[in-house]
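Encoded as structure tokens, the structure appears first; notes follow it.
In the text below, chain A, chain B and the rest are named by the order of the sequence lines, each starting its count at 1.
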There are 2 protein chains.
Amino acid sequence: MSETHDLLFRTLADPTRRALFERLCREGEKSVGALTARAGVSQPVVSKHLGILREAGLVRDRHEGRHTYYSAQLGALVPLVDWTSEMAGFWQRRFDDLEDLLKRMDQ
Amino acid sequence: MSETHDLLFRTLADPTRRALFERLCREGEKSVGALTARAGVSQPVVSKHLGILREAGLVRDRHEGRHTYYSAQLGALVPLVDWTSEMAGFWQRRFDDLEDLLKRMDQ
DNA sequence: GGGATCAATACCCCGTTGGCTATTAATCGA
DNA sequence: TCGATTAATAGCCAACGGGGTATTGATCCC
């Protein structure tokens with residue numbers, strides 16, 4: 001239901017885009033040109049992906065002359081971590097309920 | 001790069017499919033009919049999504065007579081948790097490096 | 001000022017995908 | 001046995017999305 005989760009999952013679903021984000025996480029701030037060099041796709045495509053990552057809050061951009069530098073915004077992953085925790089929580093609770101039931105049946 | 005991450009993110013990117021998985025996490029095992037009742041899409045579509053979730057390892061199915069019961073396989077989320085941890089790790093390491101640099105500069 | 005470089009935008013193409021209806025397969029119950 | 005129910009499959013279509021090239025805008029350097 002959450003729009004945030006939707007945007008995050010959709011944004012990270014594309015391998016090219018995710019690879020760009022991973023590189024920014026690993027190597028820190030990079031210019032579009034530097035990212036394009038090893039992205040395997042054209043510069044306009046890289047720019048487009050970076051735009052989508054930015055709209056999802058996963059990266060931020062900084063302009064310096066002709067160059068635009070992008071860097072990862074790790075905080076944007078928090079909703080994703082929360083979501084997985086929530087799913088795990090539901091699962092755990094049901095597991096506990098089952099355990100309780102079995103204990104009661106055991107008596 | 002990892003095919004597993006790709007499959008997971010892609011599978012969870014669709015809101016209808018993710019909603020099905022969330023329901024299975026929250027409410028436990030459910031039949032296709034029960035899931036279809038509140039999915040907002042037709043039964044064939046639900047079956048299709050469940051098939052995709054199964055191929056991603058996110059659910060398992062159990063046949064009982066005419067009914068097929070699906071349940072969430074939480075273990076499948078592990079690679080996703082690992083991935084986020086890895087990204088956070090990269091970020092943290094670069095942060096530490098920066099901190100070290102600043103300390104050295106401070107001396 | 002003028003050519004060169006860097007990034008974003010515009011536009012198009014085509015493969016993928018998510019939705020539908022119709023049908024089939026299998027099982028249950030009267 | 002035969003109709004009813006449950007889920008999966010087949011086939012179709014429209015929309016979305018990721019790729020490309022061409023172009024524009026902006027900035028740097030000679």
*Give the nucleotide from the list D:dA7, D:dG19, C:dG19 with an atom nearest to the side chain of B:Lys48.*
C:dG19

_Please classify the nucleic acid contact of A:Tyr70 as base, sugar-phosphate, or nothing, using heavy-atom distances under 4.0 Å._
sugar-phosphate

*Figure out the CG/P separation between B:Asp61 and D:dT6, and round it to whole Å.*
18 Å

_How close do B:Ala76 and B:Leu8 get, counting heavy atoms only, and between which atoms?_
O-CD1, 3.3 Å

_Measure NE2/B:His63 against P/C:dT27 and give the value in whole Å, please._
10 Å

*asked:* Heavy atoms only, 4.0 Å cut-off, all strands: where does A:Ser42 land among base, sugar-phosphate and nothing?
replied: base

*Nearest of D:dG19, C:dA22, D:dT27 to any side-chain atom of B:Pro44?*
C:dA22

*Give one of base, sugar-phosphate or nothing for A:Thr36, where a contact means two heavy atoms less than 4.0 Å apart.*
nothing

*Rounded to the nearest 0.5 Å, what's the gap from CG on B:Leu20 to CG on B:Leu53? Could you check?*
6.5 Å

*Would you say D:dG18 has OP1 or OP2 under 4.0 Å from some side-chain N or O of A:Thr16?*
no

_At less than 4.0 Å, is any side-chain N or O atom of B:His67 found next to OP1 or OP2 of D:dA7? Yes or no._
yes

*Starting at CD of B:Glu64 and ending at C1' of D:dA7, how long is that distance when rounded to a whole Å?*
14 Å

*To the nearest angstrom, how far is A:Lys30 atom NZ from C:dC6 atom P?*
15 Å

*Between C:dG18 (P) and B:Leu20 (CG): distance, integer Å*: 12 Å

*For atom CG of B:Leu7 and atom P of C:dT17, their distance in whole Å*: 11 Å

*Expressed in angstrom and rounded to an integer, what is the separation of B:Gln43 atom CD from C:dT24 atom P?*
15 Å

*Parallel, tilted or perpendicular: which fits the ring planes of A:Phe9 and A:Trp83, with parallel below 30° and perpendicular above 60°?*
perpendicular

*Taking it one step at a time, do B:Val46 and B:His49 satisfy side chain to side chain contact (heavy atoms under 4.5 Å, CB included)?*
CA-CA 5 Å; B:Val46 171; B:His49 281 308; 5.8 Å; no

*asked:* At less than 4.0 Å, is any side-chain N or O atom of A:His49 found next to OP1 or OP2 of D:dG18? Yes or no.
replied: no

*Can you figure out which of C:dC28, C:dG19, D:dT27 approaches the side chain of A:Arg66 most closely?*
D:dT27

*asked:* Using whole Å, what does the distance between atom C1' of nucleotide C:dA7 and atom CZ of A:Arg62 come to?
replied: 15 Å

_Regarding A:Val45, tell me which of base, sugar-phosphate or nothing describes its non-hydrogen contacts under 4.0 Å with the strands shown._
base

*Could you tell me whether B:Glu29 and B:Arg60 have a side-chain N and a carboxylate O separated by less than 4.0 Å?*
no

*So, is B:Ser47 near the phosphate of D:dA7, with a side-chain N or O under 4.0 Å from OP1 or OP2?*
no

